[in-house]
Amino acid sequence: MNKISVIIVAGGSGTRMGAGIPKQFLPLTDGATILETTLRRFLTALPGCRAVVVLPAAETVRWQKLCRERGLCGTHTVCTGGATRFESVRNGLTALDACDYIAVHDGVRPLVSETLIHTCLRTAERYGTAVPALRPVDSFRTVGPDGTSRPTDRDALRAVQTPQIFRADLLRRAYETEYRPEFTDDASVAEAAGIRVTLCEGERKNIKITSPDDLLVARALAGGTCAAKREGL
């Protein structure tokens with residue numbers, strides 16, 4: 001297998017969650033935090049991968065304490081995030097040694113499956129890039145400046161997820177540019193550098209936890225997964 005590194009971006013403060021601590025440190029299931037669960041998914045799916053966890057500077061001590069308690073010391077490198085996701089990913093790139101492919105994943109997507117990780121990696125190995133995405137099931141409307149709206153063709157839309165995996169040289173080249181407000185993910189950074197982005201099928205359960213409702217759903221899904229494993233299903 002090609003040498004792959006993983007950047008787990010957990011540099012946000014999680015203000016929308018309304019909790020007393022950043023959302024990545026909230027418990028998910030079986031005593032594990034959201035961020036721990038996310039990290040372990042990649043350590044299991046990609047044995048021997050080099051992992052970097054990007055955190056706010058003020059939260060590194062909290063994370064180091066959790067790592068000692070949960071047996072995660074030595075499994076990854078920690079680096080400090082920036083004011084934007086773009087800066088956090090670029091800091092994560094700086095912390096990596098040479099490798100063939102780089103996966104970038106949201107730290108608050110703890111339900112990513114081993115199957116999806118491998119699907120993204122195979123796609124990146126074939127095309128150089130891989131971005132998981134889902135066809136929307138809701139109807140959409142585009143709202144104009146005057147408040148009026150019109151239907152939008154949902155067949156032309158995709159909901160983008162992570163992990164987004166790139167050939168390492170492509171991603172590093174893309175991040176040599178300066179930050180722009182339209183850089184919402186790594187795919188948008190890559191496209192701005194003239195790199196073609198290839199989509200692959202995402203997963204419905206691979207949700208991003210940004211609100212209390214999201215956390216309730218994720219805990220239910222994670223609990224169901226754990227229960228199934230205990231029952232041998």
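Model, not experiment: these values are computed from the prediction.
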A.B. asks: Under 3.5 Å, is there a donor-acceptor pair between the side chain of Ser88 and the main chain of Gly82?
C.D. replies: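 Between the backbone of Gly82 and the side chain of Ser88 there is a qualifying donor-acceptor contact (under 3.5 Å).
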A.B. asks: To the nearest 0.5 Å, tell me how far Phe166 CZ sits from Ile195 CD1.
C.D. replies: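 Rounded to the nearest 0.5 Å, the CZ-CD1 separation comes to 7.5 Å.
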A.B. asks: Taking all non-hydrogen atoms of both residues, which atom of Ile4 and which atom of Ala103 are closest, and how far apart?
C.D. replies: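 Scanning both residues, the minimum pair turns out to be CD1-CB, 4.3 Å.
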A.B. asks: State, with a plain yes or no, whether a side-chain heavy atom of Ile34 is found less than 4.5 Å away from one of Phe25.
C.D. replies: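 Ile34 does not reach Phe25 side chain to side chain.
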A.B. asks: Mind jotting down which residue pairs meet the salt bridge (Lys or Arg N to Asp or Glu O under 4.0 Å) criterion with at least one end in residues 173-184? Sequence neighbours excluded, please.
C.D. replies: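 Only Arg180-Glu182 qualify under salt bridge (Lys or Arg N to Asp or Glu O under 4.0 Å).
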A.B. asks: Would a single hydrophobic cluster contain both Val108 and Leu216, if residues Ile, Leu, Val, Met, Phe, Trp and Tyr are joined by side-chain heavy-atom contacts under 4.5 Å?
C.D. replies: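 Per the 4.5 Å side-chain linkage, Leu216 and Val108 are not co-clustered.
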A.B. asks: The criterion is side-chain contact (heavy atoms from CB on, under 4.5 Å); which residues satisfy it with Val52, sequence neighbours excluded?
C.D. replies: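 If we apply the side-chain contact (heavy atoms from CB on, under 4.5 Å) test to Val52, skipping adjacent residues, the hits are Val54, Thr77, Cys79, Ala95, Leu96.
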A.B. asks: Just verifying a value: how many Å separate Leu39 CG and Glu36 CD, rounded to the nearest 0.5 Å?
C.D. replies: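 Spacing of CG (Leu39) from CD (Glu36) equals 8.0 Å.
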A.B. asks: What's the spacing between Thr198 OG1 and Gln164 CD if we round to 0.5 Å?
C.D. replies: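 Rounded to the nearest 0.5 Å, the OG1-CD separation comes to 12.0 Å.
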A.B. asks: Using a 4.5 Å cut-off on heavy atoms from C-beta on, say whether the side chain of Thr33 contacts that of Leu28.
C.D. replies: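 Sidechains of Thr33 and Leu28: no contact.
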A.B. asks: Does a donor on one side chain and an acceptor on the other come within less than 3.5 Å for Thr152 and Thr142?
C.D. replies: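 There is such a pair (donor and acceptor under 3.5 Å, judged by atom type) between the side chains of Thr152 and Thr142.
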A.B. asks: To the nearest 0.5 Å, what is the distance between CD1 (Ile117) and OG1 (Thr162)?
C.D. replies: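 It is 9.5 Å, given to the nearest 0.5 Å.
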A.B. asks: Please identify each residue that fulfils ring pair (Phe, Tyr, Trp, His ring centres under 6.0 Å) with Phe86, with sequence neighbours left out.
C.D. replies: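 By the ring pair (Phe, Tyr, Trp, His ring centres under 6.0 Å) rule, Phe86 matches Tyr175, Tyr179, Phe183.
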A.B. asks: Within the supplied structure, the quantity of interest is the number of heavy atoms (other residues, nucleotides, ligands) at a distance under 6.0 Å from Arg126 CZ; does it exceed 12?
C.D. replies: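 No, not enclosed.
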A.B. asks: Pairs in or reaching into residues 141-166: which pass salt bridge (Lys or Arg N to Asp or Glu O under 4.0 Å), with residues at least two apart or in two chains?
C.D. replies: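 Sorted pair list comes back empty.
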A.B. asks: Does the pair Phe42 and Thr44 meet the rule for a side chain to side chain contact (heavy atoms under 4.5 Å, CB included), with working shown?
C.D. replies: CA-CA 5 Å; Phe42 281 89; Thr44 299; over 6 Å; no
A.B. asks: Please, which pairs that meet salt bridge (Lys or Arg N to Asp or Glu O under 4.0 Å) have at least one residue in residues 50-67, sequence neighbours excluded?
C.D. replies: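 Only Arg50-Asp97, Glu59-Arg62, Lys65-Glu69 qualify under salt bridge (Lys or Arg N to Asp or Glu O under 4.0 Å).
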A.B. asks: So, for Cys120 and Pro163, which heavy atoms are closest and what is the spacing to 0.1 Å?
C.D. replies: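 Where Cys120 meets Pro163 most closely, the heavy atoms are SG-O, 3.5 Å.
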A.B. asks: Decide whether Ser188 and Asp185 meet the rule of one side-chain donor and one side-chain acceptor closer than 3.5 Å.
C.D. replies: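 Side chains of Ser188 and Asp185: pair found under 3.5 Å.
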A.B. asks: Heavy atoms, side chains only, cut-off 4.5 Å: are Lys3 and Tyr101 in contact?
C.D. replies: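 A side-chain contact is absent here, since even the closest heavy-atom pair is not under 4.5 Å.
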A.B. asks: Under the criterion side chain to side chain contact (heavy atoms under 4.5 Å, CB included), I'd like the reasoning laid out for Ser5 against Cys49: C-alpha separation, chi angles, the key distance, then a yes or no.
C.D. replies: CA-CA 5 Å; Ser5 296; Cys49 72; over 6 Å; no
A.B. asks: Looking just at side-chain N and O atoms, do Thr94 and Asn91 make a donor-acceptor pair shorter than 3.5 Å?
C.D. replies: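 Note: Thr94 and Asn91 side chains miss the donor-acceptor criterion.
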A.B. asks: Roughly how far, to the nearest 0.5 Å, is SG of Cys67 from CG of Leu35?
C.D. replies: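 Going from the CG atom of Leu35 to the SG atom of Cys67 covers 8.0 Å.
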A.B. asks: Between Leu134 and Ile165, is there a shared hydrophobic cluster once you connect ILVMFWY residues whose side-chain heavy atoms come closer than 4.5 Å?
C.D. replies: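 As far as the 4.5 Å side-chain criterion goes, Ile165 and Leu134 are not connected within one cluster.
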A.B. asks: Please report the shortest heavy-atom distance between Ile8 and Gly107, naming the atom on each side.
C.D. replies: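 Looking at all heavy atoms of both residues, the shortest contact is CG2-CA, 3.6 Å.
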A.B. asks: Any ion pair linking Arg85 and Asp186 (charged N to carboxylate O, less than 4.0 Å)?
C.D. replies: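 So Asp186 pairs with Arg85 through a salt bridge.
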A.B. asks: Answer with yes or no whether the hydrophobic clustering places Leu46 together with Leu72; edges join I, L, V, M, F, W, Y residues whose side-chain heavy atoms lie under 4.5 Å apart.
C.D. replies: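 Same hydrophobic cluster.
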A.B. asks: Please lay out, stage by stage, how Arg41 and Leu111 fare under the test side chain to side chain contact (heavy atoms under 4.5 Å, CB included).
C.D. replies: CA-CA 8 Å; Arg41 293 280 174 126; Leu111 302 181; 4.1 Å; yes
A.B. asks: More than 12 non-hydrogen atoms from neighbouring residues, nucleotides or ligands closer than 6.0 Å to CZ on Arg204, yes or no?
C.D. replies: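 Counting other residues, nucleotides and ligands, CZ of Arg204 exceeds 12 neighbours.
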A.B. asks: With hydrophobic residues grouped by side-chain heavy-atom distances under 4.5 Å, do Leu170 and Val197 end up in a single group?
C.D. replies: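 Leu170 does not cluster with Val197.
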A.B. asks: Look up atom CG in Asp100 and atom CZ in Arg167, then write down how far apart they are to the nearest 0.5 Å.
C.D. replies: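 The CG atom of Asp100 sits 10.0 Å away from the CZ atom of Arg167.
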A.B. asks: With distance as the sole test, does Gln24 use its side chain to make a donor-acceptor pair with the main-chain N or O of Ala10 at under 3.5 Å?
C.D. replies: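 Flag set: sc Gln24 to bb Ala10 pair under 3.5 Å.
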A.B. asks: Would you say Ser139 and Pro151 make side-chain contact, with heavy atoms under 4.5 Å?
C.D. replies: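 They are not in side-chain contact.
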A.B. asks: Inspect the surroundings of OH in Tyr127 and state if more than 12 heavy atoms from other residues, nucleotides or ligands are less than 6.0 Å away.
C.D. replies: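 Result for OH/Tyr127: open.
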A.B. asks: How close do Pro110 and Thr37 get, counting heavy atoms only, and between which atoms?
C.D. replies: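 Residues Pro110 and Thr37, closest heavy atoms: O-CG2, 3.6 Å.
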A.B. asks: Quick one: closest heavy-atom pair of Ile7 and Gly92, and the distance?
C.D. replies: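 Heavy-atom minimum between the residues: CD1-C, 3.7 Å.
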A.B. asks: With sequence neighbours left out, write down each residue that passes side-chain contact (heavy atoms from CB on, under 4.5 Å) with Glu203, or none if nothing qualifies.
C.D. replies: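 Result, side-chain contact (heavy atoms from CB on, under 4.5 Å) vs Glu203: Ser113, Thr115, Leu116, Lys205, Asn206.
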A.B. asks: Going through the checks in order, is the side chain to side chain contact (heavy atoms under 4.5 Å, CB included) test met by His105 and Val112?
C.D. replies: CA-CA 9 Å; His105 188 68; Val112 60; 3.6 Å; yes
A.B. asks: Measure the shortest side-chain to side-chain distance between Leu93 and Arg172 over non-hydrogen atoms and say whether it is less than 4.5 angstrom.
C.D. replies: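 Yes. Closest side-chain heavy atoms under 4.5 Å.
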A.B. asks: Check for me, please, whether Leu55 and Ile21 land in the same ILVMFWY cluster - side-chain distances under 4.5 Å, paths through other members count.
C.D. replies: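 Looking at the clustering, Ile21 is in the same group as Leu55.
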A.B. asks: If you compare all heavy atoms of Glu114 against all heavy atoms of Ala45, which two are closest, and at what distance to 0.1 Å?
C.D. replies: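 Closest heavy-atom pair between Glu114 and Ala45: CG-CB, 3.6 Å.
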